[in-house]
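Beneath this line is the structure, given in structure tokens, with notes to follow.
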Amino acid sequence: MANCKFFAPLMIMMVMAVDLAQAQSTCSKSFSSSNRLFSSCQTLKQLSSNFAWSYDPENGTIKMAFTAKPDTSAGWVSWGINPAGTGMVGTRSLIAFKHSNGTMVVTTYNITTKKTAPKPSAIDYKVEDMAAEFSGGQITIYATWTLMNNKTSIYHVWQTGPTVSGMVPGVHTFNTDNLASLGSIDLSTGVATASSGSPRTFLKNRHGVLNVVGWSIMLPIGVIIARYMRAVESADPLWFYLHVFCQISGFAIGVAGWATGLKLGSSSKGIVYRQHRNIGIAVFAIATAQMFALLVRPNKENKYRKYWNIYHHSVGYTIVVLSIVNIFKGFDMLQPEHKWKRAYIGVLIGLGGVAVFLEIISWIAFFVKKSSTSSKRNGV
Ligand SMILES: *[C@@H]1O[C@H](CO)[C@@H](O)[C@H](O)[C@H]1NC(C)=O
């Protein structure tokens, strides 16, 4: 139990350390091409975009600059505010592209449906000083927005697309980034919670956290306990209960995470991550079999117990290895902020370090014991 409790604060500390290291942001506030300077900026992780702004509390306006790379040089980029905070539909947006006549265009679009491409239309915000520029393969949109009711906490949505026909931007792709490029931000403080507004994102986060904690933190801790505590005579049968506790709770948490994965998979039509799905199903099946194998465990004296142990250990290690592989696949798919992947790697290194340390200790203990029994035998 002490071991299980020990890792939660350790993990939090590691996340905080990585967070601090990342506080140095690489976003850009100054745009020499147009001679503009803003007071705040943020790197929007999805679609590697740069968002810079200055908030004017007196007038309740923001001057903003949004930079992203269109999917092709004939593509478009867009930034907008959704006052209802419900994803893409309802967004009052600015879309910029290079018009077929060669000039840069930026216009307002009221996004009312996902089904058809939007046409230029009036939006419910007062937007002034709109401008767009193309430089180094990137498009930057500039504009001054008058916020509604001077509300500085906004829900913004951004996007890039591949084609434009006349004034109508073509449909964007449905990659992970294109579906997650939205979130809330407080323009007076600059505190952003990128893509926190979508229930799918919430489900994805939960899926990630449950699987990481269940399969690849609790289960390995349980393995470490079984392997190293068992050797300590005074820890018998405590190690066994701790092992069972870690494995059963790890399995329960992991299965909950597995179920959110199924839900995510069935609700994302058209996008199938076959490998991640198959490994996930395999881990679940093997782990379930491992639970049932307990029911047929021969007792200690039984000559088959040795084989059962070998089976139990190899299946256990297989589960841990497959889960770790699958979690890395999951990181590649969902692309959460880098700090999470780093924190996870930190936890793995921590667990690995503890295991190596205990392995060395147990070897030392083994030799000390061996030499003391042999000295006793020699009458020293
Ligand atoms: C924009 O669309 C919304 C529906 O999504 C509608 O309520 C609103 O009146 C429209 N705004 C303008 C200026 O047409």
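Counting convention: from 1, in listed order, for ligands and their atoms alike.
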Could you tell me, for ligand 1, which of its N or O atoms are under 3.5 Å from any protein N or O, listing the pairs and their distances rounded to 0.1 Å?
unit_1	atom_1	unit_2	atom_2	d
ligand 1	2 (O)	Asn110	OD1	3.4
ligand 1	2 (O)	Asn110	ND2	2.4
ligand 1	11 (N)	Asn110	ND2	2.9
ligand 1	11 (N)	Asp124	OD1	3.4
ligand 1	11 (N)	Asp124	OD2	3.0

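The only option from Ile253, Ile217, Ile324 that meets the side chain to side chain contact (heavy atoms under 4.5 Å, CB included) definition with Val212 turns out to be Ile217.
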Which atom pairs, one a donor and one an acceptor, fall under 3.5 Å between side chains of residues 60-71 and the rest of the protein, sequence neighbours left out?
unit_1	atom_1	unit_2	atom_2	d
Thr67	OG1	Thr140	OG1	3.0
Asp71	OD1	Thr160	OG1	2.6

Donor-acceptor pairs under 3.5 Å, side chain of residues 103-111 to any protein atom, not counting sequence neighbours: which ones?
unit_1	atom_1	unit_2	atom_2	d
Thr103	OG1	Asn101	OD1	2.7
Thr108	OG1	Ser121	O	2.8
Tyr109	OH	Met167	O	2.5

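When side chains are defined from C-beta on, Ile360 counts as touching Ile364, because their heavy atoms get closer than 4.5 Å.
Among residue pairs with one or both ends in residues 283-309, those qualifying as ring pair (Phe, Tyr, Trp, His ring centres under 6.0 Å) are Trp258-Phe284, Trp308-His312; sequence neighbours excluded.
Under the 6.0 Å cut-off for aromatic ring centres, Phe331 and Trp340 do not qualify, their centroids lying 6.0 Å or more apart.
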